[in-house]
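Following: one structure in structure tokens, then a few remarks.
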Protein chains: 4
Amino acid sequence: MDTKNIQIAYIGGGSRGWAWGLMSDLAGQDILEGTVRLYDIDRDAAYANEIIGDKVQYAEGAKSAWHYKAVDSLAEALTGADFVVLSILPGTFDEMESDVHTPEKYGIYQSVGDTAGPGGLVRALRTIPMYVEIANAIKEFSPEAWVINYTNPMTLCVQTLYEVFPQIKAFGCCHEVFSTQELLISALEELRGITDVKRSDINVNVQGINHFTWLSDAWYKNINLIDVYREFCDKYYETGYIKDESNHWMNSSFACAQRVKFDLFKRYGSIAAAGDRHLAEFMPGKMYLADPDTVHEWMFGLTTVEWRKDDLKKRLEKSKKLISGEEKFEIKKTGEEGVHMMQAICGERTLVSNVNLPNIGQAPDLPMGAVVETNAVFRHNTVTPLCAGKMSNEIGAMVSRHVKNHQTILKAALTKNKDLAFTAFINDPLVTCSYKDAKVLFDEMLQNTKKYLPGWEI
Amino acid sequence: MDTKNIQIAYIGGGSRGWAWGLMSDLAGQDILEGTVRLYDIDRDAAYANEIIGDKVQYAEGAKSAWHYKAVDSLAEALTGADFVVLSILPGTFDEMESDVHTPEKYGIYQSVGDTAGPGGLVRALRTIPMYVEIANAIKEFSPEAWVINYTNPMTLCVQTLYEVFPQIKAFGCCHEVFSTQELLISALEELRGITDVKRSDINVNVQGINHFTWLSDAWYKNINLIDVYREFCDKYYETGYIKDESNHWMNSSFACAQRVKFDLFKRYGSIAAAGDRHLAEFMPGKMYLADPDTVHEWMFGLTTVEWRKDDLKKRLEKSKKLISGEEKFEIKKTGEEGVHMMQAICGERTLVSNVNLPNIGQAPDLPMGAVVETNAVFRHNTVTPLCAGKMSNEIGAMVSRHVKNHQTILKAALTKNKDLAFTAFINDPLVTCSYKDAKVLFDEMLQNTKKYLPGWEI
Amino acid sequence: MDTKNIQIAYIGGGSRGWAWGLMSDLAGQDILEGTVRLYDIDRDAAYANEIIGDKVQYAEGAKSAWHYKAVDSLAEALTGADFVVLSILPGTFDEMESDVHTPEKYGIYQSVGDTAGPGGLVRALRTIPMYVEIANAIKEFSPEAWVINYTNPMTLCVQTLYEVFPQIKAFGCCHEVFSTQELLISALEELRGITDVKRSDINVNVQGINHFTWLSDAWYKNINLIDVYREFCDKYYETGYIKDESNHWMNSSFACAQRVKFDLFKRYGSIAAAGDRHLAEFMPGKMYLADPDTVHEWMFGLTTVEWRKDDLKKRLEKSKKLISGEEKFEIKKTGEEGVHMMQAICGERTLVSNVNLPNIGQAPDLPMGAVVETNAVFRHNTVTPLCAGKMSNEIGAMVSRHVKNHQTILKAALTKNKDLAFTAFINDPLVTCSYKDAKVLFDEMLQNTKKYLPGWEI
Amino acid sequence: MDTKNIQIAYIGGGSRGWAWGLMSDLAGQDILEGTVRLYDIDRDAAYANEIIGDKVQYAEGAKSAWHYKAVDSLAEALTGADFVVLSILPGTFDEMESDVHTPEKYGIYQSVGDTAGPGGLVRALRTIPMYVEIANAIKEFSPEAWVINYTNPMTLCVQTLYEVFPQIKAFGCCHEVFSTQELLISALEELRGITDVKRSDINVNVQGINHFTWLSDAWYKNINLIDVYREFCDKYYETGYIKDESNHWMNSSFACAQRVKFDLFKRYGSIAAAGDRHLAEFMPGKMYLADPDTVHEWMFGLTTVEWRKDDLKKRLEKSKKLISGEEKFEIKKTGEEGVHMMQAICGERTLVSNVNLPNIGQAPDLPMGAVVETNAVFRHNTVTPLCAGKMSNEIGAMVSRHVKNHQTILKAALTKNKDLAFTAFINDPLVTCSYKDAKVLFDEMLQNTKKYLPGWEI
């Protein structure tokens with residue numbers, strides 16, 4: 001790869017969020033340079049980002065010049081690409097509204113609804129056919145490219161890519177573990193008085209699956225952070241820990257007070273490493289998500305899809321301003337590792353970071369081939385998972401259950417088998433309603449997402 | 001072994017129930033003959049059974065003469081034994097009362113409380129040290145004997161025997177699968193008009209663990225019983241199936257209307273093969289055992305320990321009458337397979353029956369060495385498990401969870417580690433209360449069974 | 001199945017050996033009765049056997065009447081069949097001559113050449129396409145039939161059937177273990193003076209793969225036969241054991257003096273349970289088969305294909321006489337278990353016997369799905385493998401090597417991949433010649449069997 | 001750890017070779033500084049190295065000052081150590097002479113005799129008790145120290161440490177893979193004209209066990225080195241490849257012409273990554289080591305122990321001169337990674353290198369817990385293996401065989417079980433002689449090393 005002429009295909013390139021983050025991270029470094037082809041089923045959005053992107057090199061703090069080009073087909077985007085970035089919204093917020101809120105009729109509350117739970121499973125059914133198409137296109141047009149996925153449900157997106165095209169060089173990136181590392185930095189500062197610690201110095205062993213990741217070991221130099229975290233939990237177990245009042249959980253759909261995380265640590269002895277909103281969805285339905293009061297008690301927010309719709313309006317507004325020049329593009333680090341990973345794959349650095357990859361031994365108590373999240377080392381042209389070792393019996397049992405459900409839902413999606421999909425649906429720990437109610441709910445949810453289930457008999 | 005001079009050691013030989021059943025089954029066959037040594041920590045009970053037992057050969061229908069002898073030590077019972085029968089009550093009904101009813105304070109209802117759930121786990125903690133003692137005694141006094149366990153928690157009793165003395169020739173017997181075979185006979189009669197089917201002609205593949213066993217295949221000749229059972233479920237799903245009104249679930253602590261079983265079949269596609277009262281305890285707490293009303297809806301009974309205490313009184317009364325001769329001993333088949341198994345091990349028949357044994361491959365998706373329940377073939381001096389194959393993903397996930405919890409509780413019991421025991425406790429799917437409540441509950445339950453936890457710091 | 005109207009399809013039904021054995025065993029029992037359809041690519045042979053077969057019911061000792069019918073297609077043979085018997089010669093003795101004798105140019109001697117070694121592997125390449133055709137036909141015409149395979153290479157024949165049609169109800173039968181049970185009976189008689197022991201009372205645990213099977217345990221009642229065999233080995237290690245002088249290894253291509261078996265026992269501690277001629281071929285080439293002198297020292301014969309050709313002439317002669325009536329058909333038990341297995345599958349008995357089946361856990365240290373040989377229990381409509389447990393480290397390593405080579409050769413045959421086939425070829429422990437010689441040898445052997453490798457580029 | 005006051009315990013610190021190498025590597029870097037405590041059962045040798053070591057800081061090129069201190073006990077060496085270096089000669093060259101040359105009487109030739117083969121196994125029996133002692137001492141005196149092993153047999157030394165003290169932080173280092181990386185650099189230069197490539201840019205995937213390691217992937221930037229190596233093999237297969245005539249295999253006991261390596265590549269498709277002398281010993285005895293002529297044909301040397309004894313004399317001479325000052329200590333990089341690893345563990349760099357560690361998933365087709373060689377990433381206070389993935393079927397089978405034999409020999413050594421040790425001995429692929437000869441040979445070899453087998457009955 002020519003580091004000064006890198007070709008990136010961005011699928012979902014019309015995004016008004018992730019895409020701007022990538023633009024910022026690319027401009028903010030000077031090792032790589034090249035072109036980003038933006039492909040989106042919403043063509044106008046892609047063309048808008050072409051205009052925005054091409055201005056970024058002139059923004060304050062830009063260290064490299066990247067060209068942006070909206071394209072009209074997957075073929076055009078992928079041919080000749082060195083890297084492929086996948087970041088799409090599967091369906092619209094209308095389908096997401098059904099995913100998240102329809103189950104509430106039967107007392108099933110979800111805090112995100114894009115990974116596990118009834119919402120996550122139905123979203124997966126909708127997303128998998130899209131990823132089958134993408135995987136086939138990559139196989140045809142850019143089989144040697146490195147593919148970075150950001151779309152949720154992460155595990156099933158990556159799994160589908162490998163199912164369709166086993167030789168693909170794909171991995172999935174998620175920042176949830178990073179936040180937990182930041183939490184450990186806070187604990188270190190507060191309890192040990194150590195300041196200015198960088199996230200990259202918080203050395204963690206990552207186990208599990210995306211959004212249900214666990215840290216079995218954590219070190220800062222010779223300090224065992226498991227011990228520090230135990231103290232921290234004890235201190236804040238009841239009150240919750242709120243670092244930044246401006247981001248208080250009561251005011252934000254994305255924030256939390258870490259109480260779920262603290263409770264899981266007390267129960268299982270490892271550090272659950274994702275936002276409380278995600279973690280809660282992997283546990284039995286009556287535990288943290290029993291009803292809004294219980295959620296309130298555990299101090300986290302239920303992200304409503306209404307909020308998402310409002311937020312999108314604001315971002316559309318911003319897009320217009322960026323195009324017209326009314327607003328300047330601001331370069332600031334997103335904290336994502338994607339661009340660092342590209343640098344490492346180009347041979348410009350060695351990087352250890354957590355990533356979603358098929359299990360080749362890194363998770364010895366999960367099935368081989370299942371997509372899992374662990375650390376990996378990124379080097380020239382290779383991404384190799386680090387051995388994460390066995391999980392504790394208890395955590396292993398919980399994670400396994402979801403992995404097996406993923407396998408079932410993937411098979412159901414690929415074979416368009418409604419009965420099989422229902423088997424996975426009713427086996428999800430959030431689905432606490434009766435068998436009969438579950439059947440009615442499932443049917444309704446499928447109806448609501450029918451448009452994205454071509455070939456299904458529903 | 002000399003089939004006309006078989007030596008049986010019966011540990012728990014003072015029992016007023018199982019012991020009489022064994023006496024009946026032994027007398028009712030004419031292939032084996034010999035002596036049964038009765039050992040019990042309640043010596044009087046053993047001596048009472050010596051008197052009762054010695055009369056059995058004169059009862060109507062007796063086909064062989066067995067001698068009964070109460071003994072005063074494990075050593076005396078075991079030395080020279082060909083078979084060892086283990087059937088004890090670990091502690092008294094007072095401890096059992098705590099196991100079953102203390103959790104009700106926190107909204108945790110149990111229908112049996114001797115296998116899974118908080119009650120089952122605490123019972124295991126109490127029982128394991130007793131089984132350590134028994135295993136060591138067998139190792140010393142009768143290492144070549146065949147050991148048949150009937151005590152609950154079955155899985156952990158058998159596991160402890162192998163943990164302490166890996167060369168032991170032990171297995172665990174349970175009749176719950178038999179009842180499910182009988183249910184299939186009922187279905188066959190009702191839906192296909194086939195009558196007079198023997199249980200031994202209902203050919204089933206048994207998977208899972210004791211009291212949470214599943215039939216993945218079931219045949220009567222060339223008739224696929226899974227299909228028959230599906231019809232049967234549909235017919236009786238709402239109303240429940242009550243064969244014998246005299247044994248109606250509303251009148252009996254042990255009966256049920258099979259609704260839990262039908263529901264599990266609809267959800268998972270295999271036939272759950274134990275009584276509903278047992279099955280319910282392995283599922284998430286809010287499912288079948290949420291509260292007494294829910295239990296009522298699912299049409300099964302919560303066995304109270306009060307009932308057990310009353311029942312014992314009746315049996316004590318009966319014991320007195322049998323000794324005095326006021327009541328005659330009645331020989332009738334118990335339906336248990338224990339005596340047939342002894343015959344097969346003596347080389348007198350080939351028998352296939354379900355049995356609890358350490359996993360040497362019969363359950364390929366459960367850990368090697370874990371005690372599992374599958375079919376085995378009994379032949380001269382060998383008991384060999386049949387391969388049960390993999391469970392479905394969903395059932396495998398549920399069973400695994402309990403197996404892993406068993407491993408944790410066993411380790412906790414052997415090392416007297418209270419924290420580790422609590423990890424298993426809180427991970428049990430019935431323990432749906434808060435972390436804090438769980439801790440208080442666990443402490444109280446341990447206090448109540450303290451007498452049987454020598455060396456623990458509690 | 002109607003036990004008085006059983007339909008058997010015999011593929012390879014023109015055989016002048018195995019077919020007559022089956023006729024004899026069927027006639028010699030009175031539980032089953034029906035029709036055998038004879039299909040053979042040599043039609044005349046099938047028609048000859050129709051004539052012979054139809055006379056068998058009149059022979060002395062016949063207890064049941066079976067009808068024989070030569071048919072002209074697989075479809076005709078299979079449609080409506082209850083059982084399918086597979087017993088074919090893959091190719092002719094000319095190809096077999098190449099399999100066995102071509103390697104001798106490079107110092108590679110083979111005693112059978114139909115299972116392992118260069119001959120076995122090339123035979124497998126030739127046989128697999130035939131079995132693909134057979135499996136597809138069974139899938140189409142008799143998917144519910146029980147399929148019994150006798151053709152070698154046994155493991156790969158059965159594996160191919162399952163590879164093509166995973167729902168097939170097929171198993172492979174071999175009598176080599178029976179001979180080892182007979183050897184144990186001889187030892188028991190000679191060293192313990194126990195006479196009239198039946199083979200079915202020699203209770204063995206069978207591990208490994210066909211022709212490389214091992215007995216880890218062997219019991220006669222309470223007598224541990226491993227101990228008896230150890231004495232027997234010590235006694236006859238040097239001289240070999242020859243039971244019947246008329247069947248002396250020097251005079252017979254099939255006989256041996258058990259010295260290889262004794263040596264393997266001394267080295268590995270389990271009883272190798274196949275003829276020495278087979279066993280020797282699984283071991284490193286320089287061990288028992290280094291050259292004719294070494295073979296002579298180990299006291300077994302190298303079956304020449306010349307002998308096989310002569311023998312066939314004799315059997316053709318016999319066929320003519322049986323048709324003409326010059327010679328009477330003689331009913332005598334073959335000692336094979338095939339007909340007993342059919343009886344058990346019909347629900348008429350319970351049978352435990354060794355059999356080749358895909359691994360579902362019976363061989364926990366071999367790959368799942370690989371065809372292995374262990375005991376199984378035959379009951380009404382089910383054949384279930386018994387758990388054979390782990391092999392010793394050393395035996396496991398040797399068996400694994402061959403299993404992995406089987407997987408490679410199967411894949412090579414299915415994809416017609418010559419390079420991959422050579423990888424397996426050169427990895428066989430008998431292939432001790434140089435890489436270059438191996439390549440020349442392999443090419444020559446493929447040329448010689450080219451006719452049976454449709455679609456290969458050779 | 002205080003990087004300017006690092007405490008290293010060197011067990012075997014009297015060495016006249018490895019010790020001087022470590023002194024050179026420590027002095028040649030400026031990140032770490034501290035003290036090396038030299039412990040050796042030959043006290044005088046340790047004291048001699050104290051004198052030599054203390055002068056090194058004054059040599060040309062020294063960048064840091066290290067202090068050397070001979071100590072008289074393991075306790076003194078280990079207490080307070082940050083790192084422990086293990087590099088001992090187990091026994092003397094007299095025992096090694098027996099290991100290597102006694103088997104020649106029975107036609108068994110060995111090129112090194114310290115890892116596999118009869119010599120390697122007997123050396124293991126002698127070494128394991130020493131490592132039991134060392135592991136117990138580390139457990140007692142420096143349980144938190146990082147332990148680096150250089151002693152052979154590498155695999156069994158590291159395995160013993162973990163067997164005795166499972167919490168030990170030990171790994172084993174070997175440079176054989178490095179030489180193969182150098183060979184790839186030569187190929188790259190010769191066939192692609194690319195010069196000045198650094199070894200650290202040859203990105204390899206390491207699989208297998210020490211001295212029988214395999215590279216399944218190798219990259220230089222985007223160049224697939226497997227393809228380059230294939231060409232290189234073809235070019236030099238017949239003639240061998242000799243880079244440096246001064247190090248011609250005919251003149252050197254350690255050199256080779258890579259012919260074994262080329263042959264293994266042609267047979268198995270992966271790059272065998274150790275010296276030919278080591279590789280040959282893992283293959284069947286008649287392959288590369290059949291007799292001296294065969295060895296000559298494959299162009300490698302049989303290291304005689306006579307040579308080793310002579311060489312030692314020269315090094316003793318050099319030691320005297322270094323002490324007296326007659327000869328100056330010369331600082332030159334050894335090419336070993338040990339000191340870099342220490343730097344990385346101190347948090348001063350991130351390093352990826354091949355290392356011997358217990359399998360926690362890095363080698364998914366080898367038993368968990370078995371010591372295997374793969375890459376690992378070295379970071380602050382952690383050493384984490386990288387997933388090496390499954391080996392090919394054929395290579396996996398060969399490696400497994402040795403791993404299983406290691407397990408047997410370890411068990412034999414720990415339980416002082418001569419019969420079990422013989423089982424491993426006769427199962428080694430180099431032991432091609434008869435069972436009887438093997439027994440005599442084994443007895444003789446044990447007699448010759450008896451002094452180091454305390455508690456054995458021999």
Side-chain angles (χ1 to χ4, degrees), chain A residues 1-3 82 144 146 169 197-198 200-207 216-225 344-353 355 357-369 372 374-391, chain D residues 1-3 82 144 146 169 197-198 200-207 216-225 344-353 355 357-369 372 374-391:
Chain A
M1 285 183 268
D2 176 355
T3 53
D82 297 308
E144 291 299 323
W146 285 91
K169 300 193 288 194
V197 173
K198 283 181 298 175
S200 58
D201 286 335
I202 301 296
N203 194 339
V204 295
N205 187 47
V206 180
Q207 301 181 314
S216 63
D217 271 310
W219 294 92
Y220 171 69
K221 297 193 173 170
N222 291 327
I223 299 175
N224 188 337
L225 293 175
I345 288 170
C346 289
E348 301 293 329
R349 63 191 294 172
T350 293
L351 178 73
V352 175
S353 188
V355 77
L357 277 172
N359 187 14
I360 61 163
Q362 66 266 49
D365 39 9
L366 293 177
M368 295 294 275
V372 297
T374 67
N375 280 325
V377 60
F378 290 71
R379 290 184 297 164
H380 209 142
N381 212 22
T382 58
V383 179
T384 316
L386 266 70
C387 290
K390 289 201 175 190
M391 292 173 276
Chain D
M1 284 183 267
D2 176 356
T3 54
D82 297 307
E144 291 299 323
W146 285 91
K169 299 193 287 193
V197 174
K198 282 182 298 174
S200 58
D201 286 336
I202 301 296
N203 195 339
V204 295
N205 186 47
V206 180
Q207 301 182 314
S216 62
D217 272 310
W219 294 93
Y220 171 69
K221 298 191 172 170
N222 291 328
I223 300 175
N224 188 337
L225 294 175
I345 288 170
C346 288
E348 301 293 329
R349 63 190 297 172
T350 293
L351 178 74
V352 174
S353 188
V355 77
L357 277 171
N359 187 14
I360 61 163
Q362 65 266 53
D365 40 8
L366 293 177
M368 295 294 276
V372 297
T374 67
N375 281 325
V377 59
F378 289 73
R379 291 184 297 165
H380 210 142
N381 212 22
T382 59
V383 180
T384 316
L386 267 71
C387 291
K390 286 201 175 190
M391 293 174 276

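Predicted model only: the values in this text are computed from it and were never measured. Protein chains get the first letters and strands the later ones, always in sequence-line order, with residue 1 at the start of each.
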message = Heavy-atom pairs under 4.5 Å with chain A - which of Ala376(D), Cys387(D), Ala388(D), Pro385(D) has more of them than the others?
response = Cys387(D)

query = Would you say the side chain of Thr350(D) lies within less than 4.5 Å of the side chain of Val377(D), judging by non-hydrogen atoms?
reply = yes

remark   = Ranked by heavy-atom pairs below 4.5 Å to chain A, first place among Asn203(D), Asn381(D), Asn205(D) goes to Asn203(D)

ask   = Between Lys169(D) and Val383(D), is any pair of side-chain heavy atoms under 4.5 Å apart?
value = no

task = Go through the atoms of Asn375(D) and report whether side chain, backbone, both or neither lie under 4.5 Å from a heavy atom of chain A.
result = side chain

ask   = Is the backbone N or O of Lys390(A) less than 3.5 Å from a side-chain atom of Gln207(A), with the two atoms forming a donor-acceptor pair by type?
value = yes

note = So CZ of Arg349(D) and NE2 of His380(D): to nearest 0.5 Å the spacing works out to 14.5 Å

request  = For each of Asp365(A), Thr374(A), Thr382(A), tally heavy-atom pairs with chain D at distances under 4.5 Å, and name the one with the top tally.
outcome  = Thr382(A)

